[in-house]
Amino acid sequence: MIKQMDEMVSGLAAARRRTRRIMRYWSRTIEMVIVAITMPIWVIPYSIYRRRRHG
């Protein structure tokens, strides 16, 4: 049981190291995806606001 837990903990540590490397690689892509998803949310109110101001 203790050995199993120890293996699990070391496996988690290794996975965390791996995910950190992956996250550093993916962070820029994820940022671009977030911008692409949220862009319509703030572009539409901004265009409506500009249209309203110009009449």
Side-chain angles (χ1 to χ4, degrees):
M1 183 68 189
I2 293 161
K3 192 187 171 193
Q4 225 176 341
M5 291 261 306
D6 195 44
E7 277 176 29
M8 217 174 79
V9 167
S10 63
L12 272 168
R16 195 168 289 156
R17 270 200 300 275
R18 205 176 303 130
T19 48
R20 192 173 294 147
R21 197 181 304 144
I22 292 163
M23 281 302 294
R24 203 176 319 158
Y25 177 77
W26 276 102
S27 58
R28 192 166 285 160
T29 308
I30 291 163
E31 259 175 49
M32 292 297 288
V33 168
I34 288 164
V35 167
I37 289 164
T38 56
M39 202 177 274
I41 295 166
W42 60 261
V43 161
I44 290 161
Y46 177 70
S47 61
I48 291 164
Y49 167 76
R50 279 192 59 184
R51 202 172 294 149
R52 194 171 288 158
R53 277 197 60 182
H54 290 294

Practice task
Inspect the surroundings of CD in Gln4 and state if more than 12 heavy atoms from other residues, nucleotides or ligands are less than 6.0 Å away.
Solution key: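 It does not: Gln4 CD has 12 such atoms or fewer within range.
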
Practice task
Group every Ile, Leu, Val, Met, Phe, Trp and Tyr by side-chain heavy-atom contacts under 4.5 Å, then state whether Ile30 and Tyr25 land in the same group.
Solution key: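 Looking at the clustering, Tyr25 is in the same group as Ile30.
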
Handout entry: Partner of Pro40 by side-chain contact (heavy atoms from CB on, under 4.5 Å), out of Ile44, Ile37, Val43
Key =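 Filter result, single survivor: Ile44.
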
What's the spacing between [X] [atom1] and [Y] [atom2] if we round to 0.5 Å?
X	Y	atom1	atom2	result
Ile48	Arg50	CD1	CZ	13.0 Å
Ile22	Arg17	CD1	CZ	13.0 Å
Met8	Asp6	CE	CG	10.5 Å
Arg28	Met32	CZ	CE	10.0 Å

Practice task
Compare every heavy atom of Trp42 with every heavy atom of Thr38, then report the nearest pair and how far apart it is.
Solution key: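 Distance-wise, the nearest heavy atoms are O-CD1, 3.1 Å.
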
